There are 2 protein chains.
Amino acid sequence: MTQSLPPTDRSLPIALIRAREGVMAPIREMLAETGLTEQQWRVLRVLAEHGQLDAKSLAERASLLLPSLTRIAATLRGKGLITQTQGDADRRRQFIAITSKGQRLIDANAPQAARIAAGFRAALGDADFDTLLDLLARLDPGAP
Amino acid sequence: MTQSLPPTDRSLPIALIRAREGVMAPIREMLAETGLTEQQWRVLRVLAEHGQLDAKSLAERASLLLPSLTRIAATLRGKGLITQTQGDADRRRQFIAITSKGQRLIDANAPQAARIAAGFRAALGDADFDTLLDLLARLDPGAP
DNA sequence: TCGCAACCATTAACATGTTAAGGAATGGCA
DNA sequence: TGCCATTCCTTAACATGTTAATGGTTGCGA
């Protein structure tokens with residue numbers, strides 16, 4: 001089977017980068033007014049959705065590596081948006097929870113975030129949007 | 001129209017991140033042996049494909065921001081894989097070209113890179129793979 | 001219980017992403 | 001010609017991505 005390198009234009013990694021760029025642009029625009037980065041917002045959203053989590057679980061659900069989460073948590077703690085407490089039974093664990101201030105920030109921006117998300121779904125159409133999520137999931141090694 | 005925030009599991013940005021993670025894993029594994037990062041490899045590939053380019057065009061084709069490219073070019077120059085010359089007619093421009101050493105590095109790794117790319121196409125199937133590239137392109141603001 | 005492997009989180013070091021500011025060069029226009 | 005907005009690239013500053021090493025803790029088997 002002959003195998004030649006595909007042209008960079010049809011490369012899957014580059015297509016993923018560019019799609020992400022397009023998707024993130026309006027989201028970053030929204031977040032700029034809150035002073036949060038995209039990753040900080042993701043951490044808060046996961047905490048709002050799941051309640052208190054240990055660092056490892058939180059990192060997995062937010063698709064972050066632990067070293068990144070360590071730094072992000074320090075920042076969010078400084079902003080008073082999360083709390084962090086050492087585990088009682090297992091003192092290796094760090095439990096992280098959203099504060100009421102953090103929750104208010106989520107609540108205040110959820111409507112616009114939802115509008116943006118709905119906008120992408122509408123742009124592709126329901127069927128194509130779901131197809132896209134399915135295909136992307138098949139590339140995710142953590143989801144098989 | 002009511003709009004609630006989708007659960008993080010069904011979020012398009014997170015799906016894109018995770019897919020990218022899955023796609024990049026084998027590529028990074030290959031690149032680790034060459035001492036190149038994924039972005040450095042992308043720059044070399046674009047140069048091999050298009051020949052000498054000015055910095056702006058190169059950044060666009062490699063999906064990099066100019067500040068990133070400036071740093072990457074400095075690194076690649078240090079490794080002797082590219083050359084950089086100031087424009088003659090327009091001295092604002094910096095023209096970047098791949099060296100023979102850089103070309104040899106591309107040639108040496110192209111077969112394995114092609115195998116990896118073919119592997120993803122085979123994993124999804126030709127039809128779904130092309131569908132995916134089309135859907136991703138529709139999210140890219142720079143393409144239509 | 002002693003010793004050690006495994007685990008959780010952090011720190012470190014380097015590279016890139018992102019935004020803003022700076023510096024050099026060009027082109028157009030009064 | 002002289003001014004000035006624009007363009008191209010670089011630098012700066014901060015945040016994250018990535019890999020490796022470190023520091024505490026825990027669990028378990030000899």
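Fair warning: this is a prediction, and the values are worked out from it, not measured in the lab. Keep in mind that the numbers below use all heavy atoms, side chains included, and drop hydrogens, waters and symmetry copies. Protein chains get the first letters and strands the later ones, always in sequence-line order, with residue 1 at the start of each.
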(message) The side chain of B/Leu66 is closest to which nucleotide in this list: D/dT10, C/dT18, C/dC8?
(response) D/dT10
(request) Check whether more than 12 heavy atoms from other residues, nucleotides or ligands sit under 6.0 Å from atom CD of A/Glu29, and answer yes or no. (result) no
(message) Could you tell me how far apart B/Ile27 (CD1) and D/dT18 (C1') are, to the nearest whole angstrom?
(response) 16 Å
(request) Could you check whether A/Leu69 gets within reach of a base, just the sugar-phosphate, or nothing at all, counting any heavy atom under 4.0 Å? (result) nothing
(message) Please determine whether a side-chain nitrogen of the Lys or Arg among A/Arg138 and B/Asp128 lies less than 4.0 Å from a carboxylate oxygen of the Asp or Glu.
(response) yes
(request) Name the closest nucleotide to the B/Gln94 side chain, picking from D/dC9, D/dT19, C/dT16. (result) D/dC9
(message) Within the 4.0 Å heavy-atom criterion, would you say A/Ala73 contacts the bases, only the backbone, or no part of the nucleic acid?
(response) nothing
(message) Once hydrogens and angles are ignored, does a donor-acceptor distance under 3.5 Å link the base of C/dG17 to the side chain of B/Arg71?
(response) yes
(message) Tell me the interatomic distance from A/Arg42, atom CZ, to D/dA15, atom P, rounded to whole angstroms.
(response) 16 Å
(request) Report, as yes or no, whether the 6.0 Å neighbourhood of atom CG on B/Asp88 holds more than 12 heavy atoms from other residues, nucleotides or ligands. (result) no
(message) Is B/Thr37 close enough to C/dT16 that one of its side-chain N or O atoms is under 4.0 Å from OP1 or OP2 there?
(response) yes
(message) Would you say A/Ser68 places a side-chain N or O within less than 4.0 Å of OP1 or OP2 belonging to D/dT16?
(response) no
(message) Nearest to the B/Leu64 side chain among D/dC8, D/dT10, C/dG17, which nucleotide is it?
(response) C/dG17
(request) To the nearest Å, give me how far apart CH2 (B/Trp41) and C1' (C/dA15) are. (result) 18 Å
(request) Provide, to the nearest angstrom, the distance between the CZ atom belonging to A/Arg20 and the C1' atom belonging to C/dT16. (result) 13 Å
(message) From CG of A/Leu65 over to C1' of C/dA15, roughly how many Å is that when rounded to an integer?
(response) 14 Å
(request) State which of C/dT10, D/dT16, C/dA9 makes the closest approach to the side chain of A/Pro67. (result) C/dT10
(request) Remember a base hit wins even if backbone is also touched, and classify B/Gln40 as base, sugar-phosphate or nothing at under 4.0 Å, heavy atoms. (result) sugar-phosphate
(request) Please determine if A/Asp90 and A/Arg93 form a salt bridge, counting it only when a charged side-chain N lies under 4.0 Å from a carboxylate O. (result) yes
(request) Output yes when B/Glu21 and B/Arg28 qualify as a salt bridge under the 4.0 Å nitrogen-oxygen rule, no when they do not. (result) no
(message) Within the supplied structure, the quantity of interest is the number of heavy atoms (other residues, nucleotides, ligands) at a distance under 6.0 Å from A/Gln103 CD; does it exceed 12?
(response) yes
(message) Output the rounded distance in Å from CD (B/Gln86) to P (C/dT26).
(response) 8 Å
(message) Using a 4.0 Å heavy-atom cut-off, does B/Ala74 contact any base of the nucleic acid, only the sugar-phosphate backbone, or nothing at all?
(response) nothing
(message) Check this one for me: any side-chain N or O of B/Arg91 less than 4.0 Å away from OP1 or OP2 of C/dA24?
(response) no
(message) Using only modelled atom types and a 3.5 angstrom limit, is any donor from either the side chain of A/Arg92 or the base of C/dC7 paired with an acceptor on the other?
(response) yes
(message) Let's see if you can work this out: which of D/dG17, C/dT26, C/dC8 has an atom nearest to the side-chain heavy atoms of B/Asp90?
(response) C/dT26
(message) Under 4.0 Å from OP1 or OP2 of D/dT10: is there any side-chain N or O of B/Gln84 that close?
(response) yes
